[in-house]
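Here the structure comes first, spelled out in structure tokens, and everything after it is commentary.
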Protein chains: 2
Amino acid sequence: MARVYAQHCGLAQALDLVGERWALLIVRELMAGPRRYTDLAEGLVSIPSNVLAARLRELEAAGLVRRRRLAPPAASTVYELTGRGHELEPAVAALARWGMKSLPAANGSRPFRAHWLVLALRARFDEDAAEGLSESYEFEVPGDALVSLTVEEGRAEARLGAATEPALRIVADAETLLAMTDGSVDPARALAGGALIEGDPAALGRLAAILPSP
Amino acid sequence: MARVYAQHCGLAQALDLVGERWALLIVRELMAGPRRYTDLAEGLVSIPSNVLAARLRELEAAGLVRRRRLAPPAASTVYELTGRGHELEPAVAALARWGMKSLPAANGSRPFRAHWLVLALRARFDEDAAEGLSESYEFEVPGDALVSLTVEEGRAEARLGAATEPALRIVADAETLLAMTDGSVDPARALAGGALIEGDPAALGRLAAILPSP
DNA sequence: CGGAATCCTCTTCGATACTG
DNA sequence: CAGTATCGAAGAGGATTCCG
């Protein structure tokens, strides 16, 4: 085993498992659900194919990722997080929350993917501000991703897919949506920039409250 | 700038700043307070000297670490976290909490340092279980570190140094203390193994409650 | 002795091309 | 679609040396 810290420290142990380059970004990709090899490559933007293959092997060996062969009609292989892999979410969200604060405003020079919204929403969500709240929101990038944030009794779940009876639907391009959830664009400015908002206008304020600026 | 992800994603941004090998472990070392170059090298156990120098330069350039020259009597340079560096603590604690779960029981084969207790205590501390509690605990490794955990109104602070009027003092070797805070050894077993416990016996139960197994 | 810079080797990464 | 193969460039690891 090469390049491990092998120290009796939880942080060092975590980094021995997911500290290598690209490893946590692969976890990010899988947080939104199972994905195929090529989807992963696309979502990771610039990962060399050999490195992706190597990391998947390592993460599988570490018990964080599982590969599964889909049933015949869709004959394809997908990768998904194991339970242990899902347990990384609080740590990944905490890192994302920290990183957001120094993220340059979206200006088109950095690539972004609509499904990254899932992590951004989880990272931004403020449990205290959402106390007692129960409603859902839907975000759509036409022709790309559909992301929903469902709050139940103050607990949030962000995932790919439609929301059931969302109080609010926001349709915009990926750049605008990511900028909104990063806090660099507020809903009013996004609206002016071409975003389409449907639903209860008051829900917009509640949404802003439970996704405070980082 | 080499090897950056440059993606519009908080996690990628965080990893661009602290994702390189050794970077987060340097943050771990500095969480317990300012340290000199040689202290860092000792606490990181096996870091090559050139890599430590390079990382410190990068972390300083990123605004996470500051170098400071001490006043004449102690004429020496120390490194310390900036405010932005301290903000990493929740993320580091979350990673440590995750990593602890798969940390092999302390068996002497992996190096450990007494001051890692500071991170271990912060990672293990359970705010919900500590609600309303106010008392402090002191951990000592004779001839090495003195660590205190101070809980005030359910909020914890772990740091190097003595506690004021601790409800409990535990004196043991580093291995035993780290194993205790990892949850792999319970206080009763530690006592049997030679740990010295002074203070209110009931405080031992309260301590175990606010540091649940990972 | 603290705080590095240097030299060298070895591994990994990044980019691209290629194959079952 | 799901990887493997190849190859140059960059970093990590280890030991040693240098400077105040």
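Numbered from 1 within each chain, the chains take letters A, B, ... in sequence-line order.
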Measure [atom1]/[X] against [atom2]/[N] and give the value in whole Å, please.
{"X": "E20(B)", "N": "dG11(D)", "atom1": "CD", "atom2": "P", "value": "8 Å"}
{"X": "R3(A)", "N": "dA12(D)", "atom1": "CZ", "atom2": "P", "value": "7 Å"}
{"X": "E58(A)", "N": "dG3(D)", "atom1": "CD", "atom2": "P", "value": "15 Å"}
{"X": "R35(A)", "N": "dG3(D)", "atom1": "CZ", "atom2": "C1'", "value": "18 Å"}
{"X": "R55(A)", "N": "dT4(D)", "atom1": "CZ", "atom2": "C1'", "value": "16 Å"}
{"X": "I47(B)", "N": "dG13(D)", "atom1": "CD1", "atom2": "P", "value": "8 Å"}
{"X": "L52(A)", "N": "dT12(C)", "atom1": "CG", "atom2": "P", "value": "17 Å"}

Treating primed atoms plus P, OP1 and OP2 as sugar-phosphate and everything else as base, which nucleotides of nucleotides 1-8 of chain C get B, S or - for protein heavy atoms under 4.0 Å? -SSBBBB-
One thing to verify: whether [Y] and [X] come together as a salt bridge, which I'm taking to mean a side-chain N less than 4.0 angstrom from a carboxylate O.
{"X": "E60(A)", "Y": "R57(A)", "value": "no"}
{"X": "R155(B)", "Y": "E152(B)", "value": "no"}
{"X": "R113(A)", "Y": "E42(A)", "value": "yes"}

Can you tell me how the ring of F112(A) sits relative to the ring of H8(B), calling it parallel under 30°, perpendicular over 60° and tilted otherwise?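 Ring orientation of F112(A) relative to H8(B): perpendicular.
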In residues 5-18 of chain A, what residues come within less than 4.0 Å of DNA chain C, judged by heavy atoms?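 The stretch gives none, as no residue of it lies under 4.0 Å from the strand.
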Pick one: which of L160(A), L177(A), L146(A), L149(A) meets side chain to side chain contact (heavy atoms under 4.5 Å, CB included) with L117(A)?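 The single option meeting the side chain to side chain contact (heavy atoms under 4.5 Å, CB included) with L117(A) is L177(A).
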Quick one: is W22(B) getting a side-chain N or O under 4.0 Å of the dG13(D) phosphate, OP1 or OP2?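 Answer is yes, contact under 4.0 Å.
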Would you mind reading off the bend of the helix from dC1(C)-dG20(D) to dG20(C)-dC1(D) from its two end axes, five pairs each, to 10 degrees?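 Angle reported: 30°, given to the nearest ten degrees.
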R110(B) NZ/CZ over Y5(A) ring centroid, <6.0 Å and within 45° of normal: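 Checked: cation-pi criterion not met.
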